[in-house]
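Residue numbers count from 1 along this sequence.
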Amino acid sequence: MLRHTSVLVSLVVLVDRLPWPPEPLKCRRGHPKTYSDRLMVKALLIMIIRRLYTAYAFLAFLDQEDPLPQRLRPLLYEQGRFPSRRTWERRLAALPQSWPGLIGCVGRYLVMQLHPWATSGRAVACDSTPLATGGGVWHKKHREQGVVPHSTIDTEAGWSKSGWHGWWYGWKLHLAVTVGALWIPLAAALTVANRGDNEEAPLLLEQLPGEVRYVLGDTHYNTPELRQECHRRGWELVATRHGPYPHRDGGVEVRKIFHKLRSQAIEPFNGLFKNIFEWRVKMPVKGLQRSQLLALGAVVLYQVVLLYQHERHLRVGKGIKPLLRAA
């Protein structure tokens, strides 16, 4: 009966088998959690796939009489209880704090399961990609005056510029992806667009598996601090050198090979990721917190789909967009 939609049910069930980062040792103040973060992730995967961007829309979907919502709703109970709308809103809003640890934990697990470096070097490519805000743009002259000309403007976003994309207003999605035939996101973060790649890179490096040998990046990653951090972990940082071309130092030919490998991994993955979730134009939500929830949740969803394909002996990393549409 649910032949074309059971993929969604399978993905939600698969969340129960994901590895999970340990809880912080420091006890938090306040009432202990009634519902787990795992339950919140299940709900968010449903929301992303079905494009339900509020708790109200999510609950309205689950209240439908159709077979799919009726099969999904029992999967969202814990200890016989179902969260209220306010609980969904509050807990989903807090979820981005745990995204980096979860993405890193699942990424390391996928490396063990999928062996992406079995026929290639153990390299990871790092880069950022722009995501335009769901609201309007806040021009510099209006920002300096403290004037917000229109209510659609997302005042939390920022401006940035790249040689490829030009100027954009919104966010940066920072990613670290395996280099090879299979692209696995290993670490991710979403920041305001004007945050430097080298500023966010140390947080990405914390989540990488120990098997990594090379970290590949562009000129933004070529800093003494990042080079020292990679050296401390036993990794080799290969980043584009500063200065005019052509470079004539002794290692230039080797770096060309690494830079080509990097461009064949991170840049196509960025395009694929935004194409799958159809965010090439604008994010469907406003605000840093909601954008982090959605964008980083989509990274987790991508990881879950890779595991789903692996367990069902499908071509891992292929046909992800049609699969999610079928869900």
Report whether [X] and [Y] are members of the same hydrophobic cluster (ILVMFWY, side-chain heavy atoms less than 4.5 Å apart, transitive linking).
X	Y	answer
Trp88	Tyr56	no
Trp168	Val192	no
Leu301	Leu39	yes
Tyr221	Leu203	no
Val299	Ile48	yes

Minimum heavy-atom separation for [X] to [Y], with atom names?
X	Y	result
Trp117	Ala123	NE1-O, 3.2 Å
Leu44	Gly297	CD2-CA, 4.0 Å
Leu208	Ala187	CD2-CB, 4.4 Å
Val137	Ile153	O-CD1, 3.4 Å
Gly287	Asp154	N-OD2, 2.5 Å
Gln292	Leu190	NE2-O, 3.0 Å

- Item | side chain to side chain contact (heavy atoms under 4.5 Å, CB included) assessment of Val215 paired with Cys126 | CA-CA 7 Å; Val215 177; Cys126 299; 4.0 Å; yes

Donor-acceptor contact present, side-chain [X] to main-chain [Y], <3.5 Å:
X	Y	result
Gln289	Pro96	no
Glu78	Ser36	yes
Thr223	Leu226	yes
Gln207	Leu102	no
Arg290	Tyr53	yes
Arg38	Val15	yes
Arg213	Gly121	no
Glu156	Leu288	yes
Thr178	Ile184	yes
Trp138	Lys141	no

- Message: Strictly below 4.0 Å, N to O, side chains only: are Lys321 and Glu278 in salt-bridge contact?
- Response: yes

- Carboxylate-amine/guanidinium proximity below 4.0 Å for Lys172 and Glu199: no

- To the nearest 0.5 Å, what is the distance between CG (Leu68) and CZ (Arg73)? 13.5 Å

- Message: Let me confirm one number: the NE2-CD distance from His259 to Gln264, rounded to the nearest 0.5 Å.
- Response: 13.5 Å

- Message: Which residue in the set Leu186, Leu18, Ile103 passes side chain to side chain contact (heavy atoms under 4.5 Å, CB included) when paired with Gln303?
- Response: Ile103

Does any non-hydrogen side-chain atom of [Y] lie less than 4.5 Å from one of [X]?
X	Y	answer
Val300	Trp99	yes
Leu182	His115	no
Phe61	Ile46	yes
Leu216	Leu237	no
Leu314	His310	no
Leu131	Lys274	yes

- Message: Quick one, Arg233 with Glu206, criterion salt bridge (charged side-chain N to carboxylate O under 4.0 Å, His left out). Give me CA distance, side-chain angles, the key distance, then yes/no.
- Response: CA-CA 10 Å; Arg233 297 173 182 268; Glu206 289 181 4; 5.2 Å; no

- Task: Name the orientation class of the two ring planes belonging to Trp159 and Tyr169 (parallel below 30°, tilted from 30 to 60°, perpendicular beyond 60°).
- Result: tilted

- Query: Hey, what's the ring geometry for Tyr77 with Phe82, parallel, tilted or perpendicular (30° and 60° as the breaks)?
  - Reply: tilted

- Task: Return yes if a side-chain donor-acceptor contact under 3.5 Å exists between Thr133 and Lys286, otherwise no.
- Result: no

- Task: Assess the pair Tyr302 and Trp183: is the distance between their ring centroids shorter than 6.0 Å?
- Result: no

- What about the rings of Trp235 and Tyr214, do their centers lie closer together than 6.0 Å? no

- Task: Determine, step by step, whether Leu294 and Trp279 satisfy the side chain to side chain contact (heavy atoms under 4.5 Å, CB included) criterion, reporting the C-alpha distance in whole Å, the side-chain angles of both residues, the deciding distance to 0.1 Å, and the verdict.
- Result: CA-CA 11 Å; Leu294 188 60; Trp279 295 339; 3.6 Å; yes

- Task: Check the pair Arg143 / His139 against side chain to side chain contact (heavy atoms under 4.5 Å, CB included), numbers first and verdict last.
- Result: CA-CA 6 Å; Arg143 182 189 289 269; His139 293 291; over 6 Å; no

- Message: Please determine whether side chain to side chain contact (heavy atoms under 4.5 Å, CB included) holds for the pair Asp197 and Asp127, giving the CA-CA distance in whole Å, both sets of side-chain angles, and the decisive distance to 0.1 Å.
- Response: CA-CA 7 Å; Asp197 292 359; Asp127 200 4; 4.0 Å; yes

